[in-house]
Amino acid sequence: MNLKTLSAAAAVLALAGLAGSSTANAVPGTVSGDGGNRIGTLRVNGDAYVKEGGLSATWVKESGDVKQIALSGNRIGVLTGDGVAWVKEGGLSATWVRESGDVKQIALSGNRIGVLKDNGEAYVKEGGLSATWVKESDKVKELELSGNRIGVVTGDGVAWVKEGGLSASWVRESDNVIGIDLAGNRIGVLTGNGVAWVKEGGLSASWVRESDDVIQLELSGNRIGVLKDNGEAHVKEGGLSASWVHEYNQAIQIALSGNRIGVLKGDGDARVKEGGLTATWVLEANDVTELAFS
């Protein structure tokens, strides 16, 4: 997820009179999923809610004082206002496990958990919730996980990705990067001039220029979503050169997972559609500051 997006969302929500303290301290994080059936929302008062199943399923309150929510499979992660990362595994009412303190971003994928610390150190663990942390990199400003890939953007704007075990070697992917996203064998980067690029295949595959004037880039399966700086959300499905479909106007966030597309509006309304790119939108919740899929 692009680093600009949540700060931009915070500004819009503030103008709308919806922003709470949690939004002002919003952090970057993965909001798109890998085809799961869970939807998470962070509300203006800092409460995190998750629903499981259909789009009309019932919301379950997971935690309060939250500034980031992350979902993957049957895991839910939250970052609370005191900088503590918590993860639960199983049902929506499972017990929380404290993972780490001094955290500014949490990331989940499969049986991996990643945290980005306040000092810029990125750590990832693999296995159970009490597995041992492995230090991945220093001077990191964004951390992304997908399958057996780990991606980071360092403070100098360089995107790096590794594939395989937690101690695999890093491959330099791109410079002048402000956001990175991973999904399957795809890597996406958003550069400082607002251009979204995606590659498919190995870590050394060629980049394809996807769109300009972009403030958020999201990947899931064979779908790519972009949020333009004019608030338009667009999604394409299929190959990297597929045609864009205009999904929504006046959006401040977009999320993808499987055949689901979600948008967050400036007034705090979160809407989700399921199925084809022209499916009907369903209003999920109001007063939302962040939308996340599993």
Checklist outcome for this item: Taking every heavy atom of Tyr123 against every heavy atom of Leu143, the minimum-distance pair comes out as O-CD2, 4.2 Å

Checklist entry - So which heavy atom on Gln68 is nearest to which on Thr30, and how close? => result NE2-N, 4.5 Å

Item to check | Minimum heavy-atom distance Trp244-Ser211, with the two atoms named | outcome: CZ2-CB, 4.2 Å

Checklist entry - Hey, does the side chain of Thr191 reach the backbone of Val177 with a donor-acceptor pair shorter than 3.5 angstrom? => result no

Checklist entry - Is there a side-chain contact between Glu210 and Leu240, using heavy atoms and a 4.5 Å cut-off? => result yes

Checklist entry - For Ser63, which residues count as a side chain to side chain donor-acceptor pair (under 3.5 Å) partner, sequence neighbours excluded? => result none

Checklist entry - So do Leu291 and Val31 actually touch side chain to side chain, heavy atoms under 4.5 Å? => result no

Next on the checklist: Side chains of Glu52 and Asn37, heavy atoms from C-beta outward: is any pair under 4.5 Å?
Outcome noted: yes

Checklist entry - When the ring planes of His234 and His246 are compared, do they come out parallel, tilted or perpendicular, using 30° and 60° as the limits? => result tilted

Checklist entry - Quick one: are Ser137 and Trp170 in side-chain contact, heavy atoms under 4.5 Å? => result yes

Checklist entry - Heavy-atom distance under 4.5 Å between the side chains of Val78 and Trp96, does that happen here? => result yes

Next on the checklist: Minimum heavy-atom separation for Val66 and Leu42, please, with both atom names.
Outcome noted: O-CD1, 3.3 Å

Item to check | Validation row: Gln250, Asp267 side chains within 4.5 angstrom (heavy atoms) | outcome: no

Checklist entry - Considering only heavy atoms from C-beta outward, does the side chain of Leu219 approach that of Ile187 to under 4.5 Å? => result no

Checklist entry - Just wondering, more than 12 heavy atoms not from Lys135 lying within 6.0 Å of its NZ? => result yes

Item to check | Minimum heavy-atom distance Ala205-Glu200, with the two atoms named | outcome: CB-O, 3.4 Å

Checklist entry - Hey, does Ile150 have a side-chain heavy atom less than 4.5 Å from the side chain of Arg112? => result yes

Item to check | Contact summary for Ser100 and Trp133, nearest pair of heavy atoms | outcome: CB-CZ2, 4.2 Å

